Amino acid sequence: MKKPIILIFVILLIDQLLKFWIKTNMYLGQEYLIAGDWFIIHFTENNGMAFGFEFAGEWGKLFLTGFRIIAIGGIGWYLYDLVRKGEPKGFIYCIALVMAGAIGNTIDSVFYGAWFTHSHYQLATFNPIESYGTFFQGKVVDMFYFPVLTGHYPQWFPMWAGEEFIFFRPVFNIADASISIGIIVIIIMQKQFFAHHDSQPVMNQDPTTEPVSEN
């Protein structure tokens, strides 16, 4: 159980250190070009799920945060059970990645509103007295932006004719990437991860028992 816990801790540490740096060294909307126009550090915040998707309103935010906390508890128990049963290490590490990402974004949602001042046209400071919100109303910090392909939809394209096209548009963070990598690897490697379940021997009838004649 030690290695999955270490993996979770390392991801959380990197995720939170980067978010703290972004919050205290950049204002909302500020960005740095890392590799031309296709890899950008762009500071943004969102109220909701991974990659900027949101639930509207204060109650939606509370529901999402509460759901995350419950999910983390469930994932933690599942991870412990996987280790106890000796399931494949690769699958265990994938679940640890998902759990680390869920915890990382939940920390933002639960604490950042009560810890930091706002980031609008200024650098935020760690100041619980003059914070921008309250507990459970924090915003998730995102920073990685990869607009690898840009252009416009053709005029014949339905619904979005002539509008700008960007791939990959969502801005995300380490926690989002951790969740995505864990899930993608599980999907790709599912046959290897679950092969031992499929090969479980079927309990047959006692070979010493004579078959019953129908006549």
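Every value quoted in this text rests on a predicted model; they were computed, and no experiment measured them.
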Nearest 0.5 angstrom please: [X] [atom1] to [Y] [atom2], how far?
| X | Y | atom1 | atom2 | value |
| --- | --- | --- | --- | --- |
| Arg68 | Thr106 | CZ | OG1 | 5.0 Å |
| Ile75 | Leu82 | CD1 | CG | 11.0 Å |
| Lys3 | Lys89 | NZ | NZ | 5.0 Å |
| Gln192 | Gln190 | CD | CD | 9.0 Å |
| Tyr32 | Ile22 | OH | CD1 | 8.0 Å |
| Asp81 | Ile95 | CG | CD1 | 11.5 Å |

Same cluster or not: [X] versus [Y], using hydrophobic residues (I, L, V, M, F, W, Y) connected whenever any side-chain heavy atoms lie under 4.5 Å apart?
| X | Y | answer |
| --- | --- | --- |
| Leu149 | Phe168 | yes |
| Ile103 | Ile70 | no |
| Ile183 | Ile181 | yes |
| Leu13 | Phe126 | no |
| Ile34 | Leu17 | no |

Given Asp108, which partner from the list Lys139, Lys23, Lys19 fulfils the salt bridge (charged side-chain N to carboxylate O under 4.0 Å, His left out) test? Lys19
Under the side-chain contact (heavy atoms from CB on, under 4.5 Å) rule, what do Asp142 and His42 come out as? Steps first, then yes or no, please. CA-CA 8 Å; Asp142 292 324; His42 177 89; over 6 Å; no
Close aromatic pair by centroid cut-off 6.0 Å: Tyr121 and Tyr27: no
With a 6.0 Å cut-off (strictly less than), is the heavy-atom count around [atom1] of [X], excluding the residue itself, greater than 12?
| X | atom1 | answer |
| --- | --- | --- |
| Phe67 | CZ | no |
| Phe9 | CZ | no |
| Glu130 | CD | no |
| Asp37 | CG | no |

Flag side-chain contact, heavy atom, 4.5 Å: [X] against [Y]:
| X | Y | result |
| --- | --- | --- |
| Ile174 | Phe144 | yes |
| Leu64 | Asn47 | no |
| Ile41 | Gln30 | no |
| His118 | Glu45 | no |

For [X] versus [Y], what's the shortest heavy-atom pair and its separation?
| X | Y | answer |
| --- | --- | --- |
| Ala96 | Leu79 | N-CD1, 4.2 Å |
| Leu28 | Phe43 | N-CD2, 3.6 Å |
| Ile92 | Glu87 | CD1-O, 3.4 Å |
| Tyr132 | Thr117 | CD2-O, 3.7 Å |
| Asp15 | Ala175 | OD1-N, 3.2 Å |
| Thr24 | Phe116 | CG2-CE2, 4.2 Å |

Between Phe111 and Phe135, how do the two ring planes meet: parallel, tilted or perpendicular, split at 30° and 60°? perpendicular
Which word best sums up how the rings of Phe146 and Trp38 line up, parallel for under 30°, tilted for 30 to 60°, or perpendicular for over 60°? tilted
Is the backbone of Trp115 close enough, under 3.5 Å, to the side chain of Ser131 for a donor and an acceptor to pair up by distance?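 No, because the side chain of Ser131 does not come within donor-acceptor range (under 3.5 Å) of the backbone of Trp115.
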Quick one, Asn173 with Val141, criterion side-chain contact (heavy atoms from CB on, under 4.5 Å). Give me CA distance, side-chain angles, the key distance, then yes/no. CA-CA 7 Å; Asn173 56 41; Val141 176; 5.7 Å; no
Quick one, Cys94 with Phe193, criterion side-chain contact (heavy atoms from CB on, under 4.5 Å). Give me CA distance, side-chain angles, the key distance, then yes/no. CA-CA 11 Å; Cys94 286; Phe193 289 160; 4.1 Å; yes
